[in-house]
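I have placed the structure first, in the form of structure tokens, so that the comments after it can refer back to it.
Count residues from 1 along the sequence.
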Amino acid sequence: LLASLKVSAIKIRSTLAVVYSATGNELKQRPLMSNACQSLKTALNCEVAQIFLVDWQRGLLEFYASGAGKKIRVPLSDGGIAANVAMEGKLVNVSVASDDPHFGKTLDDEYRSRPVIAAPMINESSPNHEIFGVAVARAKRGNSVFDQHDVILLESLAAVTARTLSNFYRYRDDVLSLKRVLTAQDHYIELLTTAESLSSVIDKDKLFEMIMSRSSKLVSADRCSLFT
């Protein structure tokens, strides 16, 4: 059993090493979101592009602020145009943001007099094609409005971004699952190794020292005490 666990642990470590070398060890969502927003901003020639993720369970919109990149959470009730697009699942394109009946001061007020276009992001791999995000572009450059070409472009980019994020979440979950399995196997290996070592130790002081050393390692503690 111990030998097979060690072989399995080696294989898992090798798999993780290959995955990390191919992906740059990147399991963070923020850089992916930042790149997606920059692509939207360039493609639609606008001043601001945002990706909002929907947390239906907690009733929140989540997005990363520009600059420091801090994650911001806003209740759906205060989410304005983006929240309505998420709930209705329909694209919105208005020449003046404040004219939209779902205009909200929390997210929409800074560009209230400028055009805004927003499209739902759908998780096509989910059973019910759940909406899990909204792509928003604000303030078309040149004081113009978003036209039909921009509508088609945003819908296409929103679909691509949705697939990219869905794949990212699956990849991240798979890697984290592998890490959990590896951690569990490492603990089993340590326990079995300890059991084998204890069976060969006769001196009581050495036995106690080994028990405390292995116990500290298993629970990642700085020190361990044994009271008899």
Side-chain angles (χ1 to χ4, degrees), residues 28-124 126 128-169:
K28 296 181 180 179
Q29 179 177 269
R30 185 173 63 83
L32 184 63
M33 299 280 282
S34 178
N35 290 339
C37 288
Q38 186 58 47
S39 296
L40 288 172
K41 186 176 177 181
T42 301
L44 276 80
N45 191 29
C46 61
E47 294 182 18
V48 178
Q50 298 166 302
I51 300 291
F52 295 92
L53 299 179
V54 186
D55 185 336
W56 294 110
Q57 189 172 10
R58 294 189 293 172
L60 298 173
L61 283 180
E62 299 181 341
F63 65 102
Y64 288 96
S66 58
K70 181 181 178 182
K71 181 181 279 190
I72 298 175
R73 296 178 175 88
V74 175
L76 279 169
S77 57
D78 296 331
I81 294 171
N84 179 65
V85 170
M87 290 185 286
E88 296 294 329
K90 297 178 181 178
L91 182 140
V92 166
N93 181 18
V94 292
S95 56
V96 178
S98 59
D99 288 345
D100 188 273
H102 302 286
F103 172 87
K105 288 189 175 182
T106 302
L107 297 179
D108 304 320
D109 197 50
E110 185 175 356
Y111 295 91
R112 61 181 299 118
S113 62
R114 305 293 299 280
V116 59
I117 184 172
M121 292 165 49
I122 301 171
N123 183 0
E124 295 178 352
S126 66
N128 299 321
H129 285 194
E130 182 183 51
I131 294 172
F132 71 96
V134 179
V136 180
R138 304 179 192 273
K140 180 80 170 179
R141 296 186 188 278
N143 293 319
S144 57
V145 298
F146 294 105
D147 57 22
Q148 187 59 32
H149 174 74
D150 293 319
V151 169
I152 295 172
L153 192 57
L154 181 61
E155 287 179 327
S156 299
L157 289 172
V160 170
T161 304
R163 284 193 292 271
T164 301
L165 286 171
S166 296
N167 291 336
F168 165 77
Y169 295 140

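Counting only heavy atoms from C-beta outward, the side chains of Met121 and Ile51 approach each other to under 4.5 Å. When side chains are defined from C-beta on, Asn45 counts as touching Lys140, because their heavy atoms get closer than 4.5 Å. Looking at heavy atoms from C-beta onward, Val74 lies out of side-chain contact with Phe52 at the 4.5 angstrom threshold. Side-chain contact check for Leu61 versus Val54: some heavy-atom pair is nearer than 4.5 Å. Between Val85 and Ile131, every side-chain heavy-atom pair lies at or beyond the 4.5 Å cut-off. Taking 4.5 Å as the limit, some side-chain heavy atom of Leu53 sits within range of a side-chain heavy atom of Phe132.
To the nearest 0.5 Å, the span separating CZ on Arg138 from CG on Leu107 amounts to 6.5 Å. Note that CD1 of Ile81 is 14.0 Å distant from OH of Tyr111, once rounded to the nearest 0.5 Å. Here the CG atom belonging to Asp99 is positioned 9.5 Å from the CZ atom belonging to Arg112, to the nearest 0.5 angstrom. Summarising the geometry, atom CD belonging to Glu47 is positioned 8.0 Å from atom NZ belonging to Lys41; distances are rounded to the nearest 0.5 Å. Interatomic distance, Leu165 CG to Arg163 CZ, rounded to the nearest 0.5 Å: 11.5 Å. We find the CG-CG distance between Leu60 and Leu76 to be 6.5 Å, quoted to the nearest 0.5 Å.
Shortest non-hydrogen contact noted between Pro120 and Gly89 is CG-O, 3.6 Å. The shortest non-hydrogen separation linking Ala119 to Leu91 is CB-CD1, 3.8 Å.
Judged purely by atom type and a 3.5 angstrom limit, Asp147 uses its side chain to pair as donor or acceptor with the backbone of Asp150. A donor-acceptor pair under 3.5 Å links the side-chain atoms of Asn93 to the main chain of Phe146, judged by distance alone.
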Which is it for Leu44 and Ile117 under the side-chain contact (heavy atoms from CB on, under 4.5 Å) test, yes or no, and what are the steps along the way?
-> CA-CA 10 Å; Leu44 276 80; Ile117 184 172; 4.0 Å; yes
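Other residues, nucleotides and ligands contribute at most 12 non-hydrogen atoms within 6.0 Å of the CD atom of Glu110.
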